[in-house]
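Throughout, protein chains are lettered first and strands after them, A, B, ... in sequence-line order, and every chain is numbered starting at 1.
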There are 2 protein chains.
Amino acid sequence: METVERLIRSTQELLWERGYVGTSPKAIQVAADAGQGSMYHHFSGKAELAKTAIERSAAELRATAEEQFATDGTATERITQYLQRDREVLKGCRMGRLTSDPDVMTDPVLRAPVDQTFRWIRTRLAEIIAEGKQNGEYAESLDAQETAATIAAVLQGGYVLARAANSDEPFELAIQGLVKLLAGVTR
Amino acid sequence: METVERLIRSTQELLWERGYVGTSPKAIQVAADAGQGSMYHHFSGKAELAKTAIERSAAELRATAEEQFATDGTATERITQYLQRDREVLKGCRMGRLTSDPDVMTDPVLRAPVDQTFRWIRTRLAEIIAEGKQNGEYAESLDAQETAATIAAVLQGGYVLARAANSDEPFELAIQGLVKLLAGVTR
DNA sequence: GTCTATATGGCGATAGAC
DNA sequence: GTCTATCGCCATATAGAC
């Protein structure tokens, strides 16, 4: 693999594990097996490399989610599939965790892909719920935007609870609880 | 206010804003208006000060939550009150955000109060839901543990979505969506 | 493109004077 | 208890040779 690619992927991994503030150029170089000069030849510095890595992760995350969303099946089936797909729960969400990083949230360039990712997920979930209302799966009174936000929040919050407990269990409980609550509004 | 107290409170504030990795002893000293020697006289170092600050924040958080939980009223009323109480949404949860900090999660001493806080919240919510089942407010089939985890997750995830969007809106949407879903299981 | 040398400044802590 | 001095190390680059 080329040096640039190794640098980007190593940065993605380190941002996931340690955040932006907790990741040093040196650590990236070691992980990527690239020299100092090499890194600064390809990128202007830590910030530009992080921008590239975050944007890459955002695109990957959307692609993975769309795999679940784009299947055929009822709205409930698609949402449930998304909720229950295999996840590395204890690592947390690589986008969600960045919202705790002060330097990411402060820099509009670094925050933008994080922002966009969650807007996209909420929009996509709201579309699916709206479809479910159209075909009579859900009551007309169900608010698509609100419910979409709730679903996205349970996932993000599930990660938080799991990491706090150092166990997948609270995540699984939260998802299961949500699935059952959703069943309550399904006709 | 005494120096020790200023040190602890400044650390609480900085941990909330910038996390453990993003907070330096120097920054704490400046915020607390305390000298280098002063800080190291009262605490062995950054880690011990952080431990004290996190434990303090955990206790405060529990006390604040219990204010909502301990009122009289139906289970739904108490839960809704907790969900809809005034919050500094864009600052996020000071316990929840620490789950993204690599050095906090790695150190058992620093992680313990975070762990305990969320276990307590989930337990407390589950108790209230169980009471609601007893007095016929909720269906017998409602799982208290799962639903408690879902509620806690929506709050934590709501913070994440709000910070990503740099707006309270997604938080409010997620809470509102949850309240309505809960109404679906209320008799 | 990649390497090594060098630089400035901050981190996290220790030592000892006052 | 608080202050200043000092320390070794790392963060984040820049410069210029190869």
Side-chain angles (χ1 to χ4, degrees), chain A residues 1-56 97-98 100-111, chain B residues 1-56 97-98 100-111:
Chain A
M1 203 189 304
E2 294 101 36
T3 304
V4 185
E5 189 61 21
R6 289 203 313 278
L7 282 166
I8 296 172
R9 296 197 190 177
S10 297
T11 304
Q12 285 183 275
E13 207 54 42
L14 282 165
L15 286 178
W16 195 350
E17 286 167 14
R18 303 197 40 87
Y20 182 79
V21 162
T23 298
S24 71
K26 182 67 189 166
I28 294 170
Q29 292 152 26
V30 170
D33 193 29
Q36 187 99 331
S38 199
M39 181 191 129
Y40 283 100
H41 172 74
H42 294 292
F43 298 92
S44 65
K46 176 178 164 176
E48 206 212 345
L49 184 39
K51 170 186 178 331
T52 306
I54 293 173
E55 285 171 350
R56 173 83 67 94
R97 287 187 57 189
L98 290 177
S100 286
D101 196 300
D103 289 6
V104 169
M105 297 315 280
T106 293
D107 183 342
V109 171
L110 297 182
R111 194 173 61 78
Chain B
M1 202 189 308
E2 296 103 34
T3 303
V4 184
E5 189 61 22
R6 290 202 314 278
L7 282 167
I8 296 171
R9 296 197 191 178
S10 297
T11 303
Q12 285 183 275
E13 207 53 44
L14 281 164
L15 285 178
W16 195 350
E17 284 168 13
R18 304 197 40 88
Y20 182 79
V21 162
T23 297
S24 70
K26 181 68 188 166
I28 294 170
Q29 292 152 26
V30 170
D33 194 27
Q36 186 99 332
S38 199
M39 183 190 126
Y40 284 100
H41 172 74
H42 294 292
F43 298 93
S44 65
K46 176 178 165 177
E48 205 211 348
L49 184 40
K51 170 186 179 333
T52 306
I54 293 174
E55 284 170 352
R56 172 83 69 92
R97 286 188 58 188
L98 290 177
S100 286
D101 196 300
D103 290 5
V104 170
M105 298 313 281
T106 292
D107 183 342
V109 171
L110 296 182
R111 195 172 63 77

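One can place CE of A:Met39 at 13 Å from C1' of D:dT14, the figure rounded to the nearest angstrom. Atom CG of B:Leu14 is separated from atom P of C:dC11 by 12 Å (rounded to the nearest Å). The distance between atom CD of A:Gln29 and atom C1' of D:dT14, rounded to the nearest whole Å, is 13 Å. In this entry the distance linking NE2 of B:His41 with P of C:dT14 reads 15 Å, nearest Å. Distance CZ (A:Arg6) to P (C:dG1): 13 Å, rounded to an integer number of Å. In this structure, CG of A:Asp103 is placed 13 Å from C1' of D:dT12, rounded to the nearest angstrom.
A 6.0 Å sphere centred on CD of A:Glu2 holds no more than 12 heavy atoms belonging to other residues, nucleotides or ligands.
Checking side-chain atoms of A:Arg97 against main-chain N and O of A:Leu15 turns up no donor-acceptor pair under 3.5 Å. Of the possible donor and acceptor atoms, none in the side chain of A:Arg18 sits under 3.5 Å from a partner among the backbone N and O of A:Thr23. In this structure a side-chain-to-backbone donor-acceptor pair under 3.5 Å is present from A:Glu48 to A:Ser44.
Here the straight-line distance linking atom CD1 of A:Ile54 with atom OH of A:Tyr20 works out to 8.5 Å at 0.5 Å rounding. In this structure, the separation between CD1 on A:Ile8 and CZ on A:Arg56 is 4.5 Å, given to the nearest 0.5 Å. Rounding to the nearest 0.5 Å places CE of B:Met105 at 14.0 Å from CD of A:Glu17. In this structure, CG on B:Asp33 lies 14.0 Å from CD1 on B:Ile28, to the nearest 0.5 angstrom.
The side chain of A:Tyr40 lies closest to D:dT12 when the candidates are C:dT14, C:dG1, D:dT12. When distances run from any side-chain atom of B:Lys46 to the nucleotides C:dG12, D:dT12, C:dT2, the shortest one goes to C:dG12.
Not one side-chain nitrogen or oxygen of A:Thr3 sits closer than 4.0 Å to the OP1 or OP2 atom of C:dG1.
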Protein-nucleotides 3-6 of chain C N/O pairs closer than 3.5 Å?
| unit_1 | atom_1 | unit_2 | atom_2 | d |
| --- | --- | --- | --- | --- |
| C:dC3 | OP2 | A:Gly35 | N | 3.2 |

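Listed by residue number, A:Thr23, A:Ser24, A:Pro25, A:Lys26 are the residues of residues 15-28 of chain A with a heavy-atom contact under 4.0 Å to DNA chain D.
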| Going through the distances and angles, do A:Lys51 and A:Glu55 end up as a salt bridge (Lys or Arg N to Asp or Glu O under 4.0 Å)? | CA-CA 6 Å; A:Lys51 170 186 178 331; A:Glu55 285 171 350; 2.8 Å; yes
